[in-house]
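Each remark here refers to the structure printed beneath this line.
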Amino acid sequence: MTQAARAAPLGIRVTTYTDLEKIVAAFARGALNLLILLGGHGLGKSRSVRQALTGPACWLEGNTSVFGLYCQLWRHRHQPVILDDLDGLYASRDGIRLLKCLTQTEPSKQVSWHTEAPTLLRDRIPQEFSTTSQVAIIANEWQTLNRDVAALQDRGHVVVFEPSALTVHLRTAEWFWDQEIFDFLGARLHVLQEASMRHYVAAWELKQAGLDWRSLLLSRCLSGRALLVAQLQADPRYGSEAERVQAFLAQGGGARSTYFNWSRKLQAPAAAPAIRLNNPPPARRAADERIQRLLRKWGGHFGDN
């Protein structure tokens, strides 16, 4: 496979939530037949689509078979179809074939399934039917694996959402509740390898568990001496720069000059605007459910971004 085939497709680059919501609203009102929405983890892509859709929709996320998708298309025919984080579908020959039928540019599309007839008969699902459903595919990445995938993306609008860390921070202020965590991350947006709302929720869970959330959060973004310096500067046990330098030396970080060199590199080029949060914390049960959903999307690996 060529390097070009592995690269993300060209598309509409969007950097603000305002522009993203305009595109999502166009899909919700039926103006876009196929929307392929790409972007990093934890940017609120799915939330934006959910908020825009006011009526019934077929929402599939995580994992489903191609045959399962066909059955859901019948049960939700003429409704918007949202495929969230279902990378296996477009990597499958049967999956891409079904998606190509579903995303034809005609208002009414014909989809069919000519195997597993007994199951279809039992569930009273025809082997062929028409639907006017529009499709949104939400993914963290997209690979043009072959000509069929290229033909699929050519049928619609590929939107690559690339907000800055500050943009994500400002949007998080609309729903996040912990001022201490919010301000901590706001002062360190420049060291985040990848902007994500999940950093905020992960820090809150660590804090609720009584763990050193500052140190663990920084370990998601930094390593080596940069991490050590950042952790020392974030540790409330050290009341002065002299104490932090002594701790740096004691932990084998290097010379005093090494500490100050990394300290300068870690300084924020500009301060994030001060924002006072007014959002109540979620009920404990709801919070646990939200965190479990996030952990499932991380695949159980805390260090993954």
Side-chain angles (χ1 to χ4, degrees), residues 1-53 57 59-62 80-92 95-96 99-100 102-103 105 133-172 174-175 189-200 220-221 294 297-299 304-305:
M1 189 181 302
T2 65
Q3 183 176 359
R6 294 180 183 274
L10 296 176
I12 303 168
R13 255 58 185 182
V14 173
T15 60
T16 70
Y17 283 94
T18 298
D19 289 340
L20 173 66
E21 287 162 359
K22 289 178 181 178
I23 294 172
V24 169
F27 171 79
R29 66 174 181 265
L32 305 180
N33 181 56
L34 170 62
L35 171 63
I36 301 175
L37 177 55
L38 311 178
H41 302 270
L43 300 180
K45 304 184 300 296
S46 300
R47 179 183 298 195
S48 295
V49 176
R50 284 190 185 276
Q51 290 176 340
L53 293 171
W59 195 292
L60 300 174
E61 58 183 325
V81 174
I82 298 87
L83 308 177
D84 191 356
D85 199 22
L86 293 176
D87 299 341
L89 279 181
Y90 77 85
S92 158
I96 201 68
L99 289 175
K100 284 175 66 178
L102 183 61
T103 56
T105 54
S133 293
Q134 285 124 336
V135 181
I137 298 174
I138 305 173
N140 297 319
E141 61 182 15
W142 182 269
Q143 294 182 353
T144 308
L145 300 171
N146 50 50
R147 292 181 179 179
D148 287 330
V149 176
L152 174 65
Q153 70 189 46
D154 195 49
R155 286 176 163 85
H157 306 271
V158 178
V159 175
V160 183
F161 186 42
E162 297 176 328
S164 67
L166 177 58
T167 298
V168 175
H169 183 68
L170 297 178
R171 175 51 64 100
T172 304
E174 297 180 6
W175 57 269
L189 296 177
H190 60 294
V191 304
L192 299 180
Q193 294 179 354
E194 186 175 352
S196 173
M197 295 178 181
R198 297 179 191 171
H199 294 313
Y200 301 79
R220 294 172 62 91
C221 314
L294 290 173
K297 294 199 78 172
W298 283 337
D304 292 347
N305 283 320

*For the pair Ile23 and His157, evaluate side chain to side chain contact (heavy atoms under 4.5 Å, CB included) and give the outcome as yes or no after the intermediate values.*
CA-CA 10 Å; Ile23 294 172; His157 306 271; over 6 Å; no
*Give the intermediate values and the outcome of side chain to side chain contact (heavy atoms under 4.5 Å, CB included) for residues Phe161 and Ile138.*
CA-CA 11 Å; Phe161 186 42; Ile138 305 173; over 6 Å; no
*Decide yes or no on salt bridge (Lys or Arg N to Asp or Glu O under 4.0 Å) for Glu174 and Arg47, but give the supporting numbers first.*
CA-CA 13 Å; Glu174 297 180 6; Arg47 179 183 298 195; over 6 Å; no
*Going through the checks in order, is the side chain to side chain contact (heavy atoms under 4.5 Å, CB included) test met by Ile82 and Leu53?*
CA-CA 10 Å; Ile82 298 87; Leu53 293 171; 3.3 Å; yes
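Distance check, rounded to the nearest 0.5 Å: CG of Leu83 to CG of Leu102 gives 7.5 Å. The structure places CD of Gln134 at 11.0 Å from CZ of Arg29, a figure rounded to the nearest 0.5 Å. Considering CG of Leu166 and CG of Leu192, their distance stands at 11.0 Å, rounded to 0.5 Å.
Between Ser46 and Trp59, the shortest heavy-atom contact is O-CH2, 3.6 Å. Closest approach of Thr103 and Asn33 over heavy atoms only: O-ND2, 3.1 Å. Across all non-hydrogen atoms, the minimal contact from Glu162 to Arg13 is OE1-CG, 3.5 Å. Closest approach of Ala151 and Lys100 over heavy atoms only: CB-CE, 4.4 Å. Shown here for Leu32 and Phe27, the closest heavy-atom pair between the two residues is O-CD1, 3.6 Å. For His41 against Glu194, the heavy-atom pair with the smallest separation is N-OE2, 3.5 Å.
Salt bridge Arg50/Glu61: present, at least one basic N to carboxylate O contact under 4.0 Å.
Proximity of a side-chain donor or acceptor of His169 to a complementary backbone N or O of Ser164 within less than 3.5 Å is not detected. In this structure, Asn140 contributes its side chain and Asp85 its backbone to no donor-acceptor pair below 3.5 Å.
A 4.5 Å side-chain heavy-atom check between Val24 and Val159 finds every atom pair outside the cut-off. Side-chain contact between Leu152 and Leu34: present, with at least one pair of heavy atoms (C-beta onward) separated by less than 4.5 Å. At least one side-chain heavy atom of Tyr17 sits under 4.5 Å from a side-chain heavy atom of Leu43. Between Ile12 and Asp19, every side-chain heavy-atom pair lies at or beyond the 4.5 Å cut-off.
Checked against Leu37 for a side chain to side chain contact (heavy atoms under 4.5 Å, CB included), the options Val160, Val49, Val14, Ile137 give a single hit: Val49.
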